[in-house]
**Student:** 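Got a structure for you, questions after.
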There are 2 protein chains.
Amino acid sequence: MTYVDQYIDKLRKSGLRPTKQRIKICEVLFNAEKTFHFTIKELVKIIENQANIKVSLATVYNTVHAFIKKGYLKEIPLNASQSYYDTNVTHHHHFFDEEENKLIDINQEDVDDINIKRTIPGKKIRSVEFIAKIVSDNQSQK
Amino acid sequence: MTYVDQYIDKLRKSGLRPTKQRIKICEVLFNAEKTFHFTIKELVKIIENQANIKVSLATVYNTVHAFIKKGYLKEIPLNASQSYYDTNVTHHHHFFDEEENKLIDINQEDVDDINIKRTIPGKKIRSVEFIAKIVSDNQSQK
DNA sequence: TCAATACTTTAGAATTAATATAATGTATTA
DNA sequence: TAATACATTATATTAATTCTAAAGTATTGA
């Protein structure tokens with residue numbers, strides 16, 4: 001099974017036809033050595049730089065949202081003017097470097113289980129994810 | 001020291017002159033029996049309902065942001081099309097009810113300390129806050 | 001107290017991310 | 001391969017937020 005076949009499979013499972021544009025989007029998203037974080041605008045730029053295929057914003061939005069719905073991408077709960085997405089769909093957390101405006105993954109195994117001693121009647125927890133905000137540690141200032 | 005004096009103090013400490021509009025905003029935000037979550041639009045509506053003072057969106061935005069900068073309000077890191085704010089500025093967490101689109105506070109004492117077994121060189125953690133997404137617990141479906 | 005000054009308020013305009021639209025194009029199907 | 005259904009795109013729209021500039025108000029110092 002080639003990479004492209006995998007992309008086609010992902011697209012079909014997301015209810016999307018495999019088109020030139022969508023396969024290109026998959027190449028950028030799922031062929032990366034590492035997982036990464038991105039905004040829609042950034043994704044469009046990467047595609048423009050890597051290929052001579054033109055992809056409209058609307059297509060990228062639609063495809064990204066279909067992948068999120070299917071669980072192939074995740075939205076990062078960061079209160080920002082634009083949405084951030086993550087190719088790492090495992091249950092994990094984030095550092096957010098407030099000085100560099102950068103997100104860094106924290107894998108679940110790097111965190112002890114979070115124990116919430118409180119419940120809401122009739123409700124169950126579906127997921128727990130945190131953002132740890134980090135800043136420069138200038139010890140000299142202490 | 002009257003309530004209004006406290007509002008004037010908060011405003012001055014935030015670098016703002018105490019005006020009619022801003023004192024009204026303070027009354028809504030800081031006179032509540034309980035802490036609460038709000039969007040800018042909701043805050044404008046509450047003010048309209050409680051007083052015959054007219055306050056423009058711009059004034060509310062400016063004042064809320066000055067209070068956040070000073071630490072009198074907090075922004076809730078929820079990835080939504082509008083920003084959510086919190087009058088509870090203690091270190092705490094949230095349930096987010098995905099069905100009702102509602103936030104519920106989780107006090108720090110209701111959560112065991114979060115232990116992150118990983119550090120970023122030269123950086124220190126400033127805060128750790130999580131969102132626990134909750135949904136209906138239909139046990140019959142199991 | 002009272003002008004001069006500096007900051008505020010406001011309506012409306014501008015900006016920006018995100019979504020909708022509808023005409024043209026392409027994958028699928030039988 | 002033709003008919004159909006779905007995609008793509010440029011453009012328009014929407015909605016939250018920010019900006020602007022004119023008119024208003026708090027502050028300051030004489």
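Chain A is the first sequence line, chain B the second, and so forth, proteins listed ahead of strands; every chain is numbered from 1.
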**Student:** Which part of the nucleic acid, if any, lies within reach of A/K54 when heavy atoms closer than 4.0 Å are counted: base, sugar-phosphate only, or nothing?
**Tutor:** sugar-phosphate
**Student:** Round to a whole Å and report the spacing from NZ of A/K69 to P of C/dT19.
**Tutor:**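 Taking atom P of C/dT19 as the reference, NZ of A/K69 is at 13 Å.
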**Student:** May I ask you to decide whether A/K45 forms a salt bridge with A/E48, counting only side-chain N to carboxylate O separations under 4.0 Å?
**Tutor:** no
**Student:** Any salt bridge (charged side-chain N to carboxylate O under 4.0 Å, His left out) pairs touching residues 125-136 of chain B, not counting sequence neighbours?
**Tutor:** A/E98-B/R126, B/K74-B/E129
**Student:** Honestly curious: do B/L78 and B/I104 fall in one hydrophobic cluster under the side-chain, below-4.5 Å linking rule?
**Tutor:**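 No; B/I104 is not reachable from B/L78 via cluster members.
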**Student:** What does B/L16 touch in the nucleic acid at a heavy-atom separation under 4.0 angstrom: a base, only the sugar-phosphate, or nothing?
**Tutor:** sugar-phosphate
**Student:** Starting from P on C/dC7, measure out to CD on B/Q21 and report it in whole angstrom.
**Tutor:** 18 Å
**Student:** Return the NZ to CG distance between A/K24 and A/N31, rounded to the nearest 0.5 Å.
**Tutor:**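 Answer rounded to 0.5 Å: 9.0 Å.
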**Student:** Earliest and latest nucleotide of DNA chain D, 5' to 3', sitting under 4.0 Å from a non-hydrogen atom of chain A?
**Tutor:**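 Contact boundaries, 5' end first: D/dA5 to D/dA10.
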**Student:** Of the candidate nucleotides C/dT9, C/dA17, C/dA6, which contains the atom at the shortest distance from the side chain of B/R17?
**Tutor:** C/dA6
**Student:** Remember a base hit wins even if backbone is also touched, and classify A/T59 as base, sugar-phosphate or nothing at under 4.0 Å, heavy atoms.
**Tutor:** base
**Student:** Could you give the CG-to-P distance, from B/N79 to C/dA17, as a whole number of Å?
**Tutor:** 14 Å
**Student:** Give B/T39 one of three labels, base, sugar-phosphate or nothing, depending on what nucleic acid heavy atoms sit under 4.0 Å from its own.
**Tutor:** nothing
**Student:** Taking 4.0 Å as the cut-off, does a side-chain nitrogen or oxygen of A/H65 come that near to OP1 or OP2 on C/dA18?
**Tutor:**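 No, no such contact exists.
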**Student:** Return yes if a side-chain donor-acceptor contact under 3.5 Å exists between A/H92 and A/N107, otherwise no.
**Tutor:**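 Side chains of A/H92 and A/N107: no pair found under 3.5 Å.
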**Student:** Name the nucleic acid region contacted by A/K20, choosing base, sugar-phosphate or nothing; use a 4.0 angstrom heavy-atom cut-off, strictly under.
**Tutor:**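 Touches nothing.
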**Student:** OP1 or OP2 of C/dC7 sitting under 4.0 Å from any side-chain N/O of B/T19?
**Tutor:**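 For B/T19, the contact criterion (side-chain N or O under 4.0 Å from OP1 or OP2 of C/dC7) is not met.
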